[in-house]
Amino acid sequence: MILLSVVGLETFYGASQALFGVALEVQEGEVVALMGRNGMGKTTTIRSILGLERPRAGTIHFDGRQITGMRPHRIARLGIGLVPEGRRCFPNLTVLENLVAAARPGDWTVPRIVDLFPRLGERRGQYASTLSGGEQQMLAIGRALMTNPRLLILDEATEGLAPVIRQDIWAAIRTLKGRGQSILVVDKTLSELLPVADRCFVLEKGATVFSGSPAALTAELQDRYLGV
Ligand code: ATP
């Protein structure tokens, strides 16, 4: 079943066009990689899906419903959980308070989040502002999961994190995939991203230039679209 379908998306910042016809699709239970060099439109695509930017053209369907132009809180409530670039937890709330504040009915509860990220259990009484970057990312993922989303979106899943923490984040993504969680993920670590992805979409200059399996994204295509 198609969970998310984006067709012909065009989004502007003022007079400047950032997206020129993005298309992508996430099937239920899939991990989908959204790729592309810096500034190619990944974050703008995600913000458009979430209703945080208003596309001028194109359609977005989620769970069979047209969500284009809907307000962000309504879209979130339909079941899309975002882990934004740069994390963003409430710094003056504790780990536990951050998790509880995000809670919506469903299978994901604080004990299950702590099971996924034991460090969050150890730090449950600490203010989010005192956590390391990696712990904040775990908390941001935990917060998004506490909303019990049908689709989890991670923008720059591991950017700027220490290598050992990155491993924990990738392990968590693999665990989530094993449980059937649908995920749309942006990350630059191809060696981790490609093995976990069921499908890849590559953006260049605000348009989708590749869609297919990780195997179909050959070294030559990686070099053309993702190489520095
Ligand atoms: P990165 O990996 O660097 O975050 P990205 O692929 O997510 O890149 P976007 O952040 O979506 O790319 O940027 C797409 C284009 O839109 C770029 O040309 C960028 O300069 C422009 N852009 C992004 N945010 C804004 C903004 N708030 N105002 C104006 N232009 C913007």
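Given the structure is predicted, the values throughout are model-derived calculations rather than measurements. We're numbering straight along the sequence, starting at 1. Read the numbers this way: they start at 1 and go in the same order the structure lists the ligands and their atoms.
Scanning the protein heavy atoms around atom 22 (N) of ligand 1, the nearest turns out to be Y13 CE1, 3.4 Å. Protein heavy atom in closest approach to atom 1 (P) of ligand 1: G39 N, 3.6 Å.
No heavy atom of G36 sits closer than 4.0 Å to any atom of ligand 1. In this structure, S16 falls outside the shell of residues with a heavy atom less than 4.0 angstrom from ligand 1.
Looking only at atom types and distance, the side chain of S48 has a donor-acceptor partner in the side chain of T11 under 3.5 Å away. The closest side-chain donor-acceptor pair between Q66 and T68 falls under 3.5 angstrom.
At least one N or O atom of G41 sits closer than 3.5 Å to an N or O atom of ligand 1. On a distance-only criterion, T45 and ligand 1 share no N/O pair closer than 3.5 Å.
How far CZ of F20 is from CG of L203: 12.0 Å, rounded to the nearest 0.5 Å. For the atom pair L9 CG and T208 OG1, the distance stands at 9.0 Å (nearest 0.5 Å). Of the inter-residue distances, the one linking R54 atom CZ with F12 atom CZ reads 14.5 Å to the nearest 0.5 angstrom. For the atom pair CZ of F201 and OG1 of T45, the computed distance is 11.5 Å after rounding to the nearest 0.5 Å. To the nearest 0.5 Å, atoms CZ (R112) and CG (N148) are separated by 8.0 Å.
Protein non-hydrogen atoms do reach within 4.0 Å of atom 31 (C) of ligand 1. Under the 4.0 angstrom criterion, atom 13 (O) of ligand 1 counts as having a protein heavy-atom contact.
The part of K188 lying near ligand 1 is the side chain, judged by heavy-atom distances below 4.0 Å.
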query: Could you walk me through whether Y225 and V209 pass the side-chain contact (heavy atoms from CB on, under 4.5 Å) check?
result: CA-CA 8 Å; Y225 295 130; V209 292; 3.6 Å; yes
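Close approach to M40 involves these atoms of ligand 1, each under 4.0 Å from a residue heavy atom: 5 (P), 6 (O), 12 (O). Ligand-side atoms of ligand 1 in range of E156: 2 (O), range being under 4.0 angstrom from any heavy atom. Close contacts between ligand 1 and T44 involve ligand atoms 9 (P), 11 (O), 13 (O), 14 (C) [criterion: under 4.0 Å to a heavy atom]. Close contacts between ligand 1 and R37 involve ligand atoms 6 (O) [criterion: under 4.0 Å to a heavy atom]. Listed by number with element, the atoms of ligand 1 under 4.0 angstrom from any heavy atom of T43 are 4 (O), 5 (P), 7 (O), 10 (O), 11 (O). Against a heavy-atom cut-off of under 4.0 Å, E85 is close to the following atoms of ligand 1: 4 (O).
Between V196 and V31, the shortest heavy-atom distance links the atoms O-CB, 3.5 Å.
Of the listed residues (K42, K188, R166), just one forms a salt bridge (charged side-chain N to carboxylate O under 4.0 Å, His left out) with E159, and that residue is K188.
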